[in-house]
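Written out below as structure tokens is the structure these notes cover.
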Amino acid sequence: MAMQQIEPVGVDVSTHWRTGAPTALRFAGVERAVTRLLAVRREHGVYPAATGPRTLFELETEDATLVVSFARRSRDWRIEAYDDAWRTLPFASTLEVPGGVLVGA
């Protein structure tokens, strides 16, 4: 399934105490456990100066696949993309897709 790229949205994330990998996501009154980490992409060499280095996590929850980023400079977690399964949630139904599609981020 293709990932729908969105304008990044802030999210609260619980992480593993040792690895720092996401274990649960909370946003707009919805909490989802992370069931599987699919990929990690570290952008530590090339990044915009305003945002600083970041790490992208592609992960699965109980009902969807997400791309979540962690910006090291601001220490913010954001949802960058999600699959079509989340179109039914109140959070995703209000987002406007800017036209980009990420496949295997």
Could you state the interatomic distance from [atom1] ([X]) to [atom2] ([Y]), rounded to the nearest 0.5 Å?
X   : Y   : atom1 : atom2 : result
T15 : F70 : OG1   : CZ    : 8.5 Å
L59 : T23 : CG    : OG1   : 10.5 Å
W77 : F27 : CH2   : CZ    : 14.5 Å

[X]: side-chain contact (heavy atoms from CB on, under 4.5 Å) partners, not counting sequence neighbours:
X   : result
E60 : T35, R36, L38, T65
R18 : H16
R26 : D12, S14, A24, E31

Residues two or more places apart in sequence or in another chain: which of them pass side-chain hydrogen bond (donor to acceptor under 3.5 Å, both in side chains) with [X]?
X   : result
R75 : none
S74 : D76
R72 : H44
R78 : none

Practice problem: Kindly give the heavy-atom pair with the smallest separation between S69 and L56, and that separation in Å. | Solution: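 Closest approach of S69 to L56: CB-CD2, 3.4 Å.
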Practice problem: Return yes if some donor-acceptor pair links the side-chain N/O of E62 with the main-chain N/O of A33 below 3.5 Å, else return no. | Solution: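 Yes, because the side chain of E62 sits within donor-acceptor range (under 3.5 Å) of the backbone of A33.
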